[in-house]
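So the structure is just underneath, and the comments pick up after that.
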Amino acid sequence: MNFLRGVMGGQPAGPQPSGAETIQKLCDRVASSTLLEDRRDAVRALKSLSKKYRLEVGTQAMGHLVNILQADRSDSEIIGYALETLYNMISNDEEEEPEESEEENSQKQADDLGVQFTEIFIKEQENVTLLLSLLEEFDFHVRWPGVKLLTALLKNQCAQVQGVILVSPMGVSRLMDLLADSREVIRNDGLLLLQQLTKGNAAIQKIVAFENAFERLLDIITEEGNSDGGIVVEDCLLLLLNLLRNNSSNQNFFKEGSYIQRMKPWFEVGDDNSGWSAQKVTNLHLMLQLVRVMVCPVNSPGATSSCQKAMYQCGLLQQLCTILMATGVPADILTETINTVSEVIRGSQVNQDYFASVNAPSNPPRPAIVVLLMSMVNERQPFVLRCAVLYCFQCFLYKNQKGQGEIVATLLPSTIDANSISAGQLLCGGLFSADSLSNWCAAVALAHALQDNLTQKEQLLRVQLATSLGNPPVSLLQQCTNILSQGDKISRRGSKVQTRVGLLMLLCTWISNCPIAVTHFLHNQANIPFLTAQISENLGEDERLVQGLCALLVGICIYYNDNSLENYTKEKLKQLVEKRIGKENFVEKLGFITKHELYSRAAQKPQPTFSSPEQMLFDHEFTKLVKELEGVITKAVHKSSEEEKKEEEVKKTLEQHDSIVTQYKELIREQDTQLNELKEQVSSLKTENEQMQATITHQLSQIQQHKDQYNVLKLKLGKDSAQQLSAQAEGAQVNGLQSEELTGLREEVEELRKQHAELQVQLREKDALIDKLRSGPAPPVEGIATSSENNAELLKELETLRSKVQSQTAEIGQLQAERRDLLKKVETCSAMVSVPTAAGSTDGAGDSGKIAELESRLVALMGETEKLKEEAKSSLESRAGLERQLAEANSTVAILQTEKAKLQQEVADSKKEQDDLLMLLADQDQKIQTLKSKLKDLGEPIEDEDDLDTRDQFDEDEDEEDDEDDEN
């Protein structure tokens, strides 16, 4: 055990072995020892030597340590030693700082060793799987070194280890369990492990997110105190950034899970913001970056818009604006807050309107936009802060025509307020200041106020500027060209090229797609000669960009020229370019813009990020304009007049075609509306038809049922009548009578019965009508006499009709009785006849007298039958008379009804007139009362109505006495 004593600090007995020899002996001991304690002691010794003799331990002991991990899993102590030894070999963290001269080389060698050992370890994928399984052990001495070892493997060979973990069953889920560990050391190192695991791997990021990572991380941040927390909050925020950056799926999951609302408490700041700790600044910076990740302009427009809406609704935007206007906030946090607010409002009308309403807590209150612009044009402010304010202003105006109009309106003469500072005044002040950076920022900001807004481009032409006392005002367009032409004559702080580039970008944006602005620009005779002179000169590298922008401005004047000025038509401008510059030279100078190294950098993203003010030359939106116009301007310069005429003709035909197409579209829309209306009508008619068909089917079924019932009843009645007729026919044949006459007689009697029943029904209806007339309202007094006489006559006629009907009914009853007697006689005769026929011819001669007597009786019966026929005819005639009388009665009843209606109308009219008179009398009485009250108030004596009546009566008596005296 001498080597162990040497390792553990004991005094060596002989010559001390070297480190490699000691490690070799320890490795042999690990491989050959059968006792667990011996192996544990050997692994502990290797662990103590692994930092000093990293190379030797790594090359000789790695295989033995892996075998320990596989074979001795039951002993947590030896597993912990083995994991720590592997971590010391693979990790590149140096605890002891080397000397400054050797620092770089030693660090490089350490990194190389760690990468090599990592490659050896992960060459067998089972080793990583074994390490993942060991992380399930709850023992602190196993779990913690296992977490550190896996983190070191990910740092050295991230992609390879990620691939192994991704294909391992439940690999990511095991690592997510580390966040739920109650021991903070393991939880915090688990955060570092997940940071390395989620770098650049979208698949693992999605798995981690769907393992409820957002909920756990936000809970940890809240528990640690939000922005006031320590390094753990920073680790959580870094992990959240890894999960959300450039991962649209996780961003959507974060938004749908309502986690944006949980970010609002992060940005709650107090009134006293002085003395922020470095950790709080770092945490808040990462929190702002997290907000920006959700609303980054490179995200899909739909996702960005929904996140912006959620941030406004939950109050997050309001909280950020509070930080923006707060005092004592560190500069870097203020800058990042401005950038964050910029992207939260970019392209969102609701958020932009809210931002326009935010006021700074000053006296008097000023809009936040004005306060920010004051910082932008102030050259004493930090460069990064000025860039952030410019970005905020650009985002405020992005797709915001309302905001563009408000900014331009502050420059118009009718809206200028001398007592307050407006955004337009600040922009003009920055545009014409002696600071080149302020010139460039103001020019770009004003260009964004005109971006894709033809109305504001025309409105800005009205802006007039006062140059000096005694001189007339000049337009803003003219002043920009004047400063551009003076160029080097004006002394400025900063790059002179920067000022000229900013003005040229403003002019190009202003007159593009605005023929009126082009005309105003060309109206100044000195503009085109100055631009052509700038393009044709041979200048240095710095001036090439200015030449390219001048060529772009001339090209815009050619392309958007409406030929309203005779001296500067399209054709004349092209001839001027060809003579003074040359077409090829002009196109070459135009290409200087896109070939500039700063052009491609500005075209990548909207935010202006520059390392120094001198690099601030191009704006993102302007690069889009150059890309759009470069090709068309090149074609416009090379085209001849004939080609332009052809193009104009083609444009006219296209416009006509477009107008025809629009007319047809409108016609098609109208036809579509009519077709839809007709379809609706057809559908409604179909439903009605279906309903009618259903009712018809129902009615047909009912009719069929009635028909069946009728047929059944008809069959029953037919059978009964057939039986009766057969019996009567037999009797008639026996007696020698004619059955046809008896049948006809029966039919006549049945018809009489029916007619009688009908007359009875009509008579009852008339009686009911008369009773109704009797019970109705009394007619007016004026028509009582005439109506009573008519009613009396009508009642008399009805009484006579009733008597006639009753007599007729009695006659019919008598006839029916006679008929029954006759039938009885016939039956008795047939019975009497049947007796002699059954006796045979034995006594036929003796009964001949009886037959003669029967024949005489039959003759008598026939006579009676004839009498009955005559009576039936007379009854028919009397029935016709009754019908005529009924018709006359109906006509009289109708006349009475009309007269009654007229009388009722007259009564109603008279009642209405009486009501009107009563209303007039009431009004008159009310007026008299009011007049009396007024006279009483005035002190006039007024007599009551009773006094007036007595006085009138007394006057009448006196008049009568005077008359009597006169007679006497």
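- Side-chain atoms of R601 and Q604 form no donor-acceptor pair, as typed in the model, at a separation below 3.5 Å.
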Criterion side chain to side chain contact (heavy atoms under 4.5 Å, CB included) on Q318 and Y354, from CA distance to verdict: CA-CA 9 Å; Q318 293 85 329; Y354 171 76; 3.0 Å; yes
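- Using modelled atom types, one side-chain atom of S512 and one backbone atom of C508 make a donor-acceptor pair closer than 3.5 Å.
- A donor atom on one side chain and an acceptor atom on the other are not found under 3.5 Å apart for Q308 and N351.
- Rounding to the nearest 0.5 Å gives a distance of 12.5 Å between CE of M294 and CD of E343.
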- Query: Please walk me through it: do N513 and L454 pass side chain to side chain contact (heavy atoms under 4.5 Å, CB included)?
  - Reply: CA-CA 8 Å; N513 200 20; L454 182 61; 5.8 Å; no
Next on the checklist: side chain to side chain contact (heavy atoms under 4.5 Å, CB included) for L238 and L286? Distances and angles first, verdict last.
Outcome noted: CA-CA 7 Å; L238 289 172; L286 291 172; 3.9 Å; yes
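- In terms of heavy-atom proximity, Q615 sits nearest to S611 at OE1-OG, 2.8 Å.
- Atom NZ of K255 has more than 12 neighbouring heavy atoms from other residues, nucleotides or ligands inside a 6.0 Å radius.
- Side-chain atoms of M376 and L373, non-hydrogen and from C-beta on, do get closer than 4.5 Å to each other.
- With 3.5 Å as the limit, one finds a donor-acceptor pair spanning the side chains of S438 and R386.
- Between F214 and F254, the ring planes lie perpendicular to each other; the angle is over 60°, past the 30° to 60° tilted range.
- Not one N or O on the side chain of N299 forms a donor-acceptor pair closer than 3.5 Å with the backbone of T304.
- Separation of atoms CH2 (W266) and CG (L284) is listed at 10.5 Å; rounding is to 0.5 Å.
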*Checking side chain to side chain contact (heavy atoms under 4.5 Å, CB included) for the pair Q352/K402: CA distance, chi angles, key distance, verdict?*
CA-CA 10 Å; Q352 288 167 343; K402 179 182 175 182; over 6 Å; no
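- Judged as a ring-ring contact (aromatic ring centres under 6.0 Å, His included), and not counting sequence neighbours, F586 has no contacts.
- At a threshold of 4.5 Å between non-hydrogen side-chain atoms, the residues N339 and T335 count as touching.
- Smallest separation of non-hydrogen atoms from V370 and S422: CG2-C, 4.5 Å.
- The CD atom of Q251 sits 12.5 Å away from atom CD of E256, with the distance rounded to the nearest 0.5 Å.
- By the neighbour-count criterion of 12 heavy atoms within 6.0 Å, atom CZ of R366 is sparsely surrounded, having that number or fewer from other residues, nucleotides or ligands.
- In this structure, I260 and C307 approach most closely via the heavy-atom pair CD1-SG, 4.1 Å.
- Using modelled atom types, one finds no donor on one side chain facing an acceptor on the other under 3.5 Å when comparing N250 with Q205.
- In this structure the side chain of I345 never reaches within 4.5 angstrom of the side chain of Y312, judged on heavy atoms.
- Under the 3.5 Å distance criterion, the side-chain polar atoms of Y568 are left unmatched by any main-chain donor or acceptor of H523.
- Counting non-hydrogen atoms of neighbouring residues, nucleotides and ligands closer than 6.0 angstrom, the OH atom of Y559 reaches no more than 12 such neighbours.
- Side-chain contact between K605 and H620 is absent, with no heavy-atom pair separated by less than 4.5 Å.
- Residue N527 holds its CG atom at 8.0 Å from SG of C557, rounded to the nearest 0.5 Å.
- In terms of heavy atoms, M325 sits closest to N359 at CG-O, 4.3 Å.
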(Q) Quick one, E666 with R669, criterion salt bridge (Lys or Arg N to Asp or Glu O under 4.0 Å). Give me CA distance, side-chain angles, the key distance, then yes/no. (A) CA-CA 5 Å; E666 292 176 357; R669 289 193 191 97; 5.3 Å; no
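- Between D619 and Q394, the side chains place a donor N or O and an acceptor N or O closer than 3.5 Å (distance only, hydrogens not considered).
- Of all heavy-atom pairs spanning E630 and G591, the tightest one is OE2-CA, 3.9 Å.
- Annotation: side chain of Y391 is not in contact with side chain of I338 (no heavy-atom distance under 4.5 Å).
- Within the 4.5 Å cutoff, the side chain of N563 has heavy atoms near those of the K570 side chain.
- Residues satisfying the ring-ring contact (aromatic ring centres under 6.0 Å, His included) criterion with F267, sequence neighbours excluded, are absent altogether.
- Shown here is L241, whose CG atom has more than 12 heavy atoms of other residues, nucleotides or ligands within 6.0 Å.
- Between F622 and F618, the ring planes are parallel. Angles under 30° get that label, and only those over 60° would be called perpendicular.
- Smallest separation of non-hydrogen atoms from A447 and T509: O-CG2, 3.7 Å.
- For F383, the side-chain contact (heavy atoms from CB on, under 4.5 Å) test picks out C387, L437, F610, P613, M616, with sequence neighbours left out.
- Side-chain contact, Q478 with N482: a donor N or O sits under 3.5 Å from an acceptor N or O.
- Residues M263 and M287 form no side-chain contact, since every pair of their non-hydrogen atoms from C-beta on lies 4.5 Å or further apart.
- At most 12 heavy atoms of other shown residues, nucleotides or ligands fall within 6.0 angstrom of atom CG in D452.
- Taken to the nearest 0.5 Å, the OG1 atom of T455 stands 11.0 Å off from the CG atom of L450.
- Annotation: the span from L477 atom CG to L507 atom CG amounts to 6.0 Å, rounded to 0.5 Å.
- With no hydrogens or angles considered, a side-chain donor-acceptor pair links S564 and D562 at under 3.5 Å.
- Between L397 and Q451, every side-chain heavy-atom pair lies at or beyond the 4.5 Å cut-off.
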